[in-house]
Each structure stands twice: as structure tokens, then as C-alpha cells.
Amino acid sequence: VNNLQYMLEHPYEGDNYNAGHFAYCYSRIGDFIPELVSQGCNPRVMLDYTGTLLWGFQQMGRTDILDKMKRITCDRTYRPYVEWLGTFWGHGIADNIPVPDVKHHIQAWRHHFADIFGTEALGYVRGFSPPKMQLPSHPDALYHLIHSLKACGYRWMLVKEGTVETVKGEAITSPQRPYQLVTPNSIGRKISITVLIHSQENKSSSVARMQPYQEAKALSPIVLNGKTVPPMITRIADGENAGVMMNEFPSAFKRTWHMMSLNKQGKQAGITAFKGTEYLNALAMKGIQSGDLPECQIKRPVTPVGLSHRPMNKDSAATHPRDVLALIDDLSSRFHAVTAHVSATSFLDRREHRYRNALLHNLLLQTSCFRSWGEGDWTEYAQEIHRRGCAILEHDF
């Protein structure tokens, strides 16, 4: 049972009375975009929904939510206004996901998205949004993430200003321009990917009140590779996870696009809305390619870090019964040990229920909530998912 369903079924516990509003927040952009377009506005939005969220809607039978999202995703009328960003299948922090499972998360999200919205829609997913915009702290793990993203066709990634720095180890002073994130692995090979930077201002109220529009008015064009181009302000906020986003965002979002429409009619244009890929395409038309962008690197930690949370031995979880990371590593280790032969036999085997069921439990367990919400019910949920995952691997294979 997903948490939204539990909230709807237990409305008198805590703040569960908000469940209906949460559900509406997940679908409302499917109302806003057609409404604004019909009124002559030119809105833009980028969407970040984890696979677990989409799966939860399906499990609940909430076709009302999915149908609205399908309309703005699959109807070519709205393609110029909406861009989906890929993410992990589950809402897992990159540093807490065992390295062998990173690509599983990326591919599972893509397969799930294509199943709902179609392969044509998937072809337009070129940007990636890591949960909480957290990057792996170890260079080898970051190398693996970027390699997996590029192998799956991703062109760029959204990162948080505080997680990257210049190649000289200095703070990023111009987050309004795109960068090329470069990282070496332990044997000296380098890999890179274009990144758009979310500025340090990370308050939901900033997005809810559409403050980036006001901030953009104070910006001036920048120079990249000898060419003058517009800077870009990129922000993200959980649509359902704060009162300001639930209550203030709708009116501010609509008002902003109407203001921009009126300004252009009055020949006072100066602010233009872009989706991430659209912005990079505009730069490419000016002759600016990824190799022309300034380089950045993952911010160096104060103390060295090892490649943490590798799959552990079979008995590791038993020695740390309440350590969710130990449960994650243990189930991942068992999953890869037991299913290693699957990839060596036939791709069709991967579509077997037993494989998908084991993979589901493995990826679900890596959800950040089981650790970040403290000990208690959520830790016990993690223990139960771990128990069931181990039972599937033991009895079904």
C-alpha cells in the first residue's frame, strides 16, 4: 500500500486530511497547461515524477491523474510546453544506492514511463533529475552514474549549486549558465555531462511565488565561447510537499504567464521561458556545444570518502537489524548473486514475474523515506520489504 493510499484510507491520522489535496497537486498541471495555452499564453514546465509515484497511481486505480498527465505528454499540441525529466525509479539518495543498482533505477523508470506514455514520449526525455539533486560523493560512483545516463540517451542533468565547484575548487559564482560536469574514475578515465544548476535558493516559497521570473528581470546576457546568450534560472520544488506549493503556486504560476504574454504584446519582452533541453538547443543554434561550456566538478568532501554501501555479505543485515543501509546492501547483494544467471540466459527471462518481483522489492527498499523519517514504523516497513525480498529470492529462484 503506497503512502498516499494509506493517507486516504486513514484521514484522521496526523495530517492525512491533506491526502485529497496531495492527489490533486499531482494532476493539476494537466489542467493548468491546456488552460493557459487556450488563453494565448506560452507556459513552460519540467516534470519530475519517480517511478514509485507513477506505479502508486496505477496501484490505486487513479486513472484520473494519469489521464491528465497523458494529455499534456502525448498530445502534440502541448509538447512545446512540457518536458519530463528522467529520475530514479525509486526516490533513493544516490550515495545510498548500491552501485550495481544505479542503472537498474534509471532503466526501470524509462521502461515504466514508456509503458504509460509510450516510446515516442520517452524519446523526448533528455534531462535527468536525481532525487533531492544529490550526487554520489565517490568519483567512481559518479562516473558510473554519468556513464549509465549517457548510455540511456540522457543529454543533461539538473544539479544543486552546493554540490559542484569549479575545477580549481572554487565556489560556482554564475549558476545561471550551463556547465560541463567532469569526473575521473579511479583508473584515470574521465567522463562528462552537461548540467543546469539549481541555485542555492532552495525554498519552496521561491517556486510557489514564481520568484525566478522577478529575478530574471535583473539579469544581463552572458558570454559563452565569444557569443552572447541569455542566462537561465532553474528551480525545483516538491509540488505537494509544502503549504505554499499546495496553496500559492497555482495563482502565481498562471499570473506569471499572463504577465509575460502582456509584456510581449506591449513590446517589453526580455524574459523568455525555456525547458532545459530547449535552452540547450537554443545555445546549439548559436554554435555553442557541450565542449564550449565551462567545466565543473563534484564538490570535494572535507574528509575522503570510500565507495560506501557496496553490497555486503549475506549476514550483514542480521548484525545491524535497524540499520536500513545494511538491509539495502544485503538485499542488493542477494539479488545480484541470485539473478546473475538471468542475464546470461535470455532477455525474456527478465520479464518473468519472479525477476520483476525481486527487482521491485530491491528498488523499493532503497527509498530514502525509510532512513530519513527515523526509527519506528518506517524502519519496520523497510525490514518487512527486506524480508519479503529475501523470501522471493530464496523460494522463487
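What you see below is based on every heavy atom in this structure, not just the backbone, and it leaves out hydrogens, waters and symmetry mates. Sequential numbering from 1 along the given sequence is applied to the chain's residues.
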Q: Using a 6.0 Å cut-off, check whether atom NZ of Lys132 has over 12 heavy atoms from anything other than its own residue.
A: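 Open: at most 12 neighbouring heavy atoms sit under 6.0 Å from NZ of Lys132.
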
Q: Grab the two heavy atoms, one from Leu293 and one from Pro178, that are nearest each other, plus how far apart they are.
A: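 So the minimum-distance heavy-atom pair works out to CD2-CG, 3.7 Å.
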
Q: Kindly indicate whether a cation-pi arrangement holds for Arg44 with Phe274, taking the cut-offs as under 6.0 Å to the six-membered ring centre and within 45° of the axis.
A: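 Ring-cation test returns no.
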
Q: In sequence, state the C-alpha distance, the side-chain angles, and the governing distance for Asn3 and Trp378, and then conclude on side-chain contact (heavy atoms from CB on, under 4.5 Å).
A: CA-CA 11 Å; Asn3 196 45; Trp378 286 81; 3.7 Å; yes

Q: Between Val195 and Val182, is there a shared hydrophobic cluster once you connect ILVMFWY residues whose side-chain heavy atoms come closer than 4.5 Å?
A: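 No; tracing contacts between hydrophobic side chains, which count when under 4.5 Å, never links both residues.
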
Q: Would you please classify the geometry between the His10 ring and the Tyr6 ring as parallel, tilted or perpendicular, with 30° and 60° separating the classes?
A: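 Rings of Tyr6 and His10: parallel, as their planes differ by under 30°.
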
Q: For the pair Glu83 (side chain) and Gly276 (backbone), establish whether a donor and an acceptor sit closer than 3.5 Å, ignoring hydrogens and angles.
A: yes

Q: Do Gln58 and His112 pair up side chain to side chain, a donor and an acceptor below 3.5 Å, judged on atom types alone?
A: yes

Q: For Phe128, run the side chain to side chain contact (heavy atoms under 4.5 Å, CB included) check against Ile146, Ile106, Asp48 and tell me which one passes.
A: Ile106

Q: Classify the ring geometry between Phe370 and Tyr381 as parallel (under 30°), tilted (30 to 60°) or perpendicular (over 60°).
A: perpendicular

Q: Where is the tightest heavy-atom contact between Asn2 and Leu4, given as atom of each residue plus distance?
A: OD1-N, 3.0 Å

Q: Around atom NZ of Lys190, are there more than 12 heavy atoms of other residues, nucleotides or ligands at under 6.0 Å?
A: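 Counting other residues, nucleotides and ligands, NZ of Lys190 stays at 12 neighbours or fewer.
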
Q: Between Arg356 and Glu352, does at least one N-O distance fall below 4.0 Å, as a salt bridge requires?
A: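 So Arg356 does not pair with Glu352 through a salt bridge.
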
Q: Do Asp330 and Arg334 meet the salt-bridge criterion of a basic N to acidic O distance under 4.0 Å?
A: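 Judged by the 4.0 Å cut-off on N to carboxylate O distance, Arg334 and Asp330 do form a salt bridge.
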
Q: Any luck finding a side-chain donor-acceptor pair between Gln366 and His105 under 3.5 Å?
A: yes

Q: Ignoring hydrogens and angles, state whether a donor on the side chain of His198 or Glu161 is under 3.5 Å from an acceptor on the partner side chain.
A: no

Q: Fit a plane to each ring of Phe117 and Trp84, take the angle between them on a 0 to 90° scale, and name the class: parallel (under 30°), tilted (30 to 60°) or perpendicular (over 60°).
A: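 Plane angle between 30° and 60°, so tilted.
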
Q: With a 4.0 Å cut-off on N to O distance, would you call Glu120 and Arg76 a salt bridge?
A: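 Judged by the 4.0 Å cut-off on N to carboxylate O distance, Glu120 and Arg76 do form a salt bridge.
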
Q: Quick check: is Ile93 connected to Leu135 through a chain of hydrophobic side chains (ILVMFWY, heavy atoms under 4.5 Å apart)?
A: no

Q: Would you check, one step at a time, whether the test side-chain contact (heavy atoms from CB on, under 4.5 Å) holds for Leu219 with Ile233?
A: CA-CA 10 Å; Leu219 296 178; Ile233 294 178; 3.7 Å; yes

Q: Do Glu215 and Arg235 sit within salt-bridge range, that is, some charged N less than 4.0 Å from a carboxylate O?
A: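 Looking at Arg235 together with Glu215, the answer is yes, because their closest N to O distance falls below 4.0 Å.
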
